[in-house]
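Not measured: the values here are computed from a predicted model. Each ligand, and each atom within it, is numbered from 1 in the order the structure gives.
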Amino acid sequence: MTTDPLVERMRPFGTTIFTEMSALAVRTGSINLGQGFPDTDGPAEMLEAAARAVREGAGLANQYPPLPGIPALRAAIADHERRFWSLPRDPDTEVVVTAGATEAIAAAILALCERDDEVVTFEPYYDSYAASITLAGAVRRPVTLRPGPDGRYGFDEGELRAAFGPRTRLVLLNSPHNPTGKVFTAAELALIAELSQEHNTYAVTDEVYEHLVFTDAAEPHVPLASLPGMRERTLRISSAGKTFSCTGWKVGWATGPAPLVSALMRVKQFLTFVNAGPLQPAVAVALGLPDTYFTGFRDQLQARRDHLTAGLTEAGFTVQPSEGTYFVTADITPLGGTDGITFCRELPERCGVVAVPTQVFYDHQEAGRHLIRFAFCKRESVIDEAAQRLTKLGS
Ligand SMILES: *Cc1c(COP(=O)(O)O)cnc(C)c1O
């Protein structure tokens, strides 16, 4: 027997940086701006609907929902996609409810990738991407996002072209992008669409921050699936967690052409089968909330972004402007930092705030060694206190 029972391909994946930094926050009594979860509850209508479903389940809400999700939620997801993104979906064949976006991403990759197939994605990447690609026996081909002269993240066209090849099976795109706060532009999406069609690949899009694009973003969010030639090859993934401040519910979904949704579901049925029975009707209620909910939530987060950005700037960081999501990244170089991991391990002792180094989300770690991520999806009073504590860094 070897000492580590874990399969070899998963051994590079240790405990995540979030586990380490969250434990550090608890141990030092620091404000945790590392992990991206809100500290307030989502819309009251949604919470009430969940409570009602649990109480009055009528023998159904607390049992296994259908594999693709309850009809009311699938209808609400289809309505939401038409309403916001003009993407018509058949709720019976083109929508599947999943255990968060995370399961949808894993099931999509496991369903579509043969061993040694390649997945083009952008780094820094959401940490589950690398693990899911590895579990599938596939290979990641990351294209590096780097801050440009104006601080906004971009990528090199030649690097993206070179990442595509004969083994490319799919492109995995997260926009609005965690951790950078980047919203991919129309020109960038057009290039991704062109290469995807030229190499006849699928696309999987992670759009969990679809409603969190700030009013000063250079361009609005556009789903890759809405570009010419992309609908038929794209699985679009989103989730209730970020939009409705219920990250613990793990209600996500994927939409796309029936053959792709069906393939994803074939894997999904043996991962979780189903989840969150009584929360599904509640998310259906939330998706149908008026526009004012979605714009109000965005405005609230935008104000918090501004507040935290000002605090970080005053503390001496170079802040890379965030156009969306829950996050902003900052360059530690002006504060004498050279390595984000060391910097983040010391930050709680220095000023009582926790952030996460983004270098752990790159294959080419040197590209992100000097960058760290802060979450601003926290109450105003928490952001205020964090901003004040950060000013200690300069002294
Ligand atoms: C939070 C997050 C997810 C996970 O969503 P769940 O619905 O909680 O599984 C996926 N992708 C990105 C980019 C995220 O930030």
Side-chain angles (χ1 to χ4, degrees), residues 16-19 21-22 32-39 42 46 69 73 77 80 95-110 119 121-133 135 140 142 145 153 171-184 203-213 221 223-224 235-255 264 267-268 271-272 274-276 279-280 282-283 286-287 297 301 305 322-329 356 358 360-362 373-378:
T16 74
I17 193 73
F18 301 109
T19 309
M21 291 299 160
S22 292
N32 188 355
L33 301 185
Q35 211 171 5
F37 61 87
D39 57 0
M46 177 185 84
L73 178 52
I77 292 165
H80 169 270
V95 178
V96 56
V97 177
T98 57
T102 308
E103 188 198 28
I105 293 159
I109 293 168
L110 288 165
V119 177
T121 192
F122 294 88
E123 63 177 11
Y125 42 69
Y126 186 65
D127 60 350
S128 86
Y129 295 4
S132 289
I133 292 165
L135 278 173
R140 58 185 184 271
L145 297 173
Y153 286 81
V171 51
L172 174 53
L173 175 69
N174 171 217
S175 183
H177 184 263
N178 170 9
T180 64
K182 173 182 174 62
V183 179
F184 281 69
V204 173
T205 61
D206 175 348
E207 302 178 43
V208 300
Y209 299 102
E210 60 192 324
H211 289 293
L212 289 174
V213 174
H221 172 61
L224 186 66
L235 275 169
R236 198 185 96 84
I237 290 168
S238 192
S239 165
K242 306 296 164 50
T243 301
F244 303 113
S245 304
C246 58
T247 57
W249 284 19
K250 296 298 278 190
V251 177
W253 53 86
T255 58
L264 187 158
V267 170
K268 183 235 172 350
L271 294 176
T272 55
V274 291
N275 73 301
L279 307 179
Q280 292 194 17
V283 171
L287 285 168
F297 184 55
L301 278 211
R305 175 205 63 175
S322 165
E323 302 189 301
T325 77
Y326 280 1
F327 307 109
V328 61
T329 56
V356 292
T358 65
V360 298
F361 309 124
Y362 295 77
R373 187 194 80 173
F374 293 86
F376 48 76
C377 51
K378 307 292 176 185

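Residue contact check: Gly100 has heavy atoms under 4.0 Å from atoms 6 (P), 7 (O), 9 (O) of ligand 1. Remark: ligand 1 atoms within the under-4.0 Å shell around heavy atoms of Asn174 are 13 (C).
Checked against a 3.5 angstrom limit, the closest N/O atoms of Thr247 and ligand 1 fall outside it. When only interatomic distances are considered, the shortest N/O to N/O separation between Glu103 and ligand 1 does not fall below 3.5 Å. Inclusion of Ala101 in the set of residues having an N or O under 3.5 Å from an N or O of ligand 1 is warranted.
Given atom 13 (C) of ligand 1, the protein heavy atom at minimum distance is Asp206 OD2, 3.3 Å. Looking at atom 15 (O) of ligand 1, its nearest protein heavy atom turns out to be Tyr209 OH, 2.7 Å. Here the protein heavy atom with the shortest distance to atom 2 (C) of ligand 1 is Lys242 NZ, 2.5 Å.
The distance from atom CZ of Arg373 to atom OG1 of Thr325, rounded to the nearest 0.5 Å, is 8.0 Å.
Put simply, the side chain of Thr247 reaches to within 4.5 Å of the side chain of Pro38, judged on heavy atoms.
If you check each of Thr102, Val208, Thr98 against atom 4 (C) of ligand 1, the one with the closest non-hydrogen atom is Thr102.
With a 4.0 Å heavy-atom cut-off, ligand 1 is reached by the side chain of Lys250 but not by its N, CA, C or O. Using a 4.0 Å cut-off between heavy atoms, Tyr326 makes no contact with ligand 1 at all. The part of Ser239 lying near ligand 1 is the side chain, judged by heavy-atom distances below 4.0 Å.
At distances below 3.5 Å, at least one donor-acceptor pair connects side-chain atoms of Gln280 with backbone N or O atoms of Asn275. The closest donor-acceptor contact from the side chain of Lys378 to the backbone of Phe37 lies under 3.5 Å. Between the side chain of Tyr126 and the main chain of Asn178, no donor-acceptor pair closer than 3.5 Å is present.
For Phe122 and Phe184, the ring centers sit closer than 6.0 Å to each other.
Phe361 and Phe18 have parallel rings, their planes meeting at less than 30° on a 0 to 90° scale where 60° marks the start of perpendicular.
For the pairing with Ile237, the side-chain contact (heavy atoms from CB on, under 4.5 Å) check across Val96, Ile105, Thr102 returns one residue only, Ile105.
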